[in-house]
Amino acid sequence: MPDTPKTDLQQVGASGATRRLLTEMKDNGQIAELVDGYRLCIAVACTYGREPRIERDPQNRRTTMFAATTLDTEDLALRTAIAEIYPQARQTPYRAAEDLAEQGAEILQGYLEGESVKFTELIDRVEGLVEASGRRSGD
Amino acid sequence: MIIDRVEIENFGPYRGSHVLNLGVGDQPLVVIHGQNMTGKTTILNSVRWALYGIAKGRTGQAIPTRELINSDAFAEGDRRVAVRLTIRTSEEEGGSTYVLRRQRQAGRGTANPVADNDFEEFVDIEQDGNVLKPLAFPELVSTLLPEGISRFFLFDGELLNEYEELVREGGEREAQAVKEAIEMILGLPAARKGRDDASALKDETSRKLQREARKNRQAKEAGDKLEALGVRKAQLEGDRDAVKSATRDAQQKLRSLEQNLKRYEESREDAGLREGLRQQLDDLEQRRKSRLDERRQLVKELWRDILAPRLKQETARLDEERARREDALHRLRTAEREIHQLTASIEEGHCSHCGQMLPEENRARVRAEIADLSRTVDELTPQADHERLQELSGIIRQLRAVAPAGKEDAVRLVEKDLDEIHITRYRVEQDLKRVEERLRSIDTEELLQHGREADRLERLIGEQNAKLREIERDLEQVKSEIDHYQRIVLQNDSPVFKRLEVELRTLEALEDTFARAVDLLTDELRKEVEAHASEIFRKLTTDPTYAGLRINENYGLTILDHDGLPVPQRSAGAEQIVALSLLGAINRMATKRGPVIMDTPFGRLDRGHRANILRYVPTMADQVVLLVHDGEVDRERDLKEIQPLVDAEYRIEHPTSTSSELVPEPVLSRA
């Protein structure tokens with residue numbers, strides 16, 4: 001078992017597959033900047049209830065994409081959100097964000113229609129998840 | 001006559017030798033199935049070419065020999081095209097079997113034959129196994145099926161269009177050629193020839209009179225005048241015939257050009273349509289780009305909306321924790337306050353609330369109460385963590401700051417519009433593709449030349465007509481002067497003149513009789529055509545409100561309703577039915593009988609009309625060959641009813657774009 005990292009990332013990265021997806025989305029005019037897609041991937045993974053794997057998988061090489069400060073908003077909203085949603089990642093929210101981005105990219109692949117992601121379907125799906133979660137908590 | 005066999009070699013898409021047996025049994029109908037562009041019209045053209053040496057393209061123009069030769073064969077050095085027809089005539093027509101063969105091949109020493117004169121032509125004829133001289137070929141063809149009337153036997157969609165011109169208002173010039181052909185097949189030229197012969201005999205007598213007059217001393221002066229007038233008349237008639245012939249040629253060329261120009265008109269419309277569609281595509285692309293840009297901006301913040309449900313869940317959890325901790329803090333504060341008051345009461349010996357003395361027996365109870373409260377304080381202290389409470393408030397504030405961006409509805413709207421743009425673009429692209437396909441076959445430069453040539457011919461025809469009117473006027477003047485001088489000559493009592501006068505008056509009366517006969521025959525034939533066409537039309541039409549047809553002097557036909565009133569509007573399908581009715585009537589009345597070969601005759605017709613026509617066509621002639629595509633005639637459904645009348649069926653296979661094969665199909669009833 002690798003040691004749980006104590007320090008957070010200053011730079012976040014992505015695997016080749018995630019980078020390709022984001023580049024394709026940018027080339028197809030779906031996102032203005034790669035970072036917009038990266039944030040979307042993180043949000044998708046969070047809402048889909050995915051858990052971040054804090055340790056990096058040594059088999060899955062990730063190359064640096066952005067500085068953590070570029071990824072987050074001025075008021076560090078992303079960092080706050082991750083730290084609160086995933087208390088185990090409170091010390092290393094960007095490390096969690098990086099893994100969530102990977103998982104979110106895999107989910108987004110499923111929304112590819114041709115070469116493009118259909119955002120309406122993603123929004124509908126998210127609303128469906130919320131309703132299902134509401135029903136579960138009401139049970 | 002019956003065409004028993006057609007053998008084609010390297011003709012159009014048919015590479016090598018192919019045989020089509022048409023006169024297999026006793027039934028009249030042969031059906032050849034083939035998709036568009038596979039070689040149906042080529043079959044019709046092969047018969048036309050074998051007989052008259054001309055194959056017609058889509059616009060009615062002659063196809064150059066180079067284009068007739070199968071392209072694969074040509075590429076491999078086989079630069080020859082040939083068609084052989086085996087024709088059988090009935091007992092009334094002589095009861096012979098003829099074999100006619102026409103072949104064209106690249107001339108010796110011609111490395112790259114392009115123009116028609118780069119090819120040599122050979123024709124062969126046999127009659128009942130005896131070889132005839134090639135020079136007899138045109139005469140034999142003229143006896144079997146003269147080219148002038150072949151349009152009533154070998155016809156395609158183009159011909160139907162010509163008939164539709166005929167039946168339309170204002171199509172007189174286009175109709176002229178068809179009208180002449182109709183009158184030819186109906187036998188009018190024979191009556192006209194009688195009139196012309198009487199006129200020629202009258203002229204001959206007139207010349208005799210003039211010669212006799214010059215011999216007579218008293219009539220010599222008038223005779224000299226008559227001779228000069230006779231020369232002038234012959235000259236004017238020669239000029240009139242030349243002008244008429246030139247005008248006819250010019251009109252024929254103009255008709256052909258106008259066919260092309262008509263297509264050009266459609267092409268001009270297509271060109272406009274293409275511009276409109278291209279503009280529409282540009283506009284759609286602009287709209288798409290703008291929508292994509294809008295979506296990109298929306299997607300920048302969309303992550304907040306996607307994350308919002310999860311954050312809401314987390315915020316609710318933190319809110320709950322904060323409420324729980326606040327409650328613990330409140331309860332802790334209360335317990336501490338009470339401990340403080342109770343401790344003071346014990347120390348001071350009286351109740352801190354009411355001020356009364358605290359008896360000793362109650363002190364133990366108060367101490368126990370303090371102990372209970374102390375335990376509660378111990379329990380609540382970890383929960384009532386003030387720092388955590390402050391932290392929670394901060395976190396909740398921060399999480400709430402990660403507010404949803406509210407972009408979902410806008411994204412939905414943009415994507416809905418993008419979907420609509422996508423669908424519209426696909427439709428416009430398909431329309432554009434079709435229009436461009438139509439425009440691809442148009443040589444704009446050639447058509448511009450045709451336009452210029454048509455203008456020139458229009459002017460020429462106008463000039464020739466003016467010239468003709470002038471000649472006719474001069475001719476009338478000369479004839480009047482001849483009459484005048486003839487009367488002077490005939491005042492002479494000589495018996496020769498008396499005899500010639502009788503002859504002259506008799507021939508004048510004969511000429512007049514023939515002229516009236518031509519008019520009467522024309523009227524009669526027209527009425528007969530109208531009656532036959534109406535009868536056929538009633539069989540063919542599926543509209544019960546149509547009662548018949550009315551003919552005009554150009555053999556144009558108008559549909560009449562049951563009150564005998566003309567039906568003003570008619571569909572393209574109805575025009576096709578009218579045209580087929582006219583063709584049927586003319587075939588019935590024709591002085592010649594021959595095989596009917598129809599190419600794609602059902603193009604614009606619905607199923608009801610198709611069924612009526614299929615029932616009717618086998619009665620049109622002793623041999624009817626139908627060239628049809630699957631869209632026109634469904635073999636299983638449409639041919640079932642007339643199956644007993646089908647003699648043979650073929651299917652055109654088209655394995656490659658440059659080759660076709662004729663495959664015999666088992667006739668359904670015998671299969």
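Each chain gets a letter, A, B and so on, in the order the sequences are listed, and its residues count up from 1.
- Annotation: the span from A/Thr47 atom OG1 to B/Leu307 atom CG amounts to 5.0 Å, rounded to 0.5 Å.
- Per-residue heavy-atom pair counts under 4.5 Å with chain A were compared for B/Val299, B/Val402, B/Ile306, and the maximum is reached by B/Ile306.
- Salt bridge annotation for A/Asp124-B/Arg412: present, with a cationic side-chain nitrogen under 4.0 angstrom from a carboxylate oxygen.
- In terms of heavy-atom pairs under 4.5 Å with chain A, the best-connected choice from B/Lys416, B/Glu415, B/Glu314 is B/Glu415.
- Considering B/Arg296, B/Gln297, B/Lys300 as possible partners of A/Asp36, the one that fulfils the side chain to side chain contact (heavy atoms under 4.5 Å, CB included) test is B/Lys300.
- Atom CZ of B/Arg607 is surrounded by 12 or fewer heavy atoms from other residues, nucleotides or ligands within 6.0 Å.
- Of the residues considered (B/Thr315, B/Asp305, B/Asp419), B/Asp419 shows the highest number of contacts with chain A, using heavy-atom pairs under 4.5 Å.
- Contact record, A/Ala81 with B/Leu399: CA-CD2, 3.6 Å, taken as the closest heavy-atom pair.
- Atom-to-atom distance recorded for A/Ile31:CD1 and B/Leu292:CG is 12.5 Å, nearest 0.5 angstrom.
- Contact annotation for A/Lys118: both backbone and side-chain heavy atoms come within less than 4.5 Å of a heavy atom of chain B.
- When heavy atoms are compared at a cutoff of 4.5 Å, A/Tyr38 does not approach chain B at all.
- Ion pairing between A/Arg90 and B/Glu391 fails under the 4.0 Å rule for side-chain N and carboxylate O.
- For the atom pair CD1 (A/Ile85) and CZ (B/Arg317), the distance works out to 9.0 Å, reported to the nearest 0.5 Å.
- Interface remark: B/Asp293 contributes no atoms to any contact with chain A (heavy atom separation under 4.5 Å).
- Side-chain contact between A/Leu78 and B/Trp303: present, with at least one pair of heavy atoms (C-beta onward) separated by less than 4.5 Å.
- Separation of atoms CZ (B/Arg295) and OG1 (A/Thr120) is listed at 8.0 Å; rounding is to 0.5 Å.
- Looking at B/Leu298, neither its backbone nor its side chain comes within 4.5 Å of chain A, counting heavy atoms on both sides.
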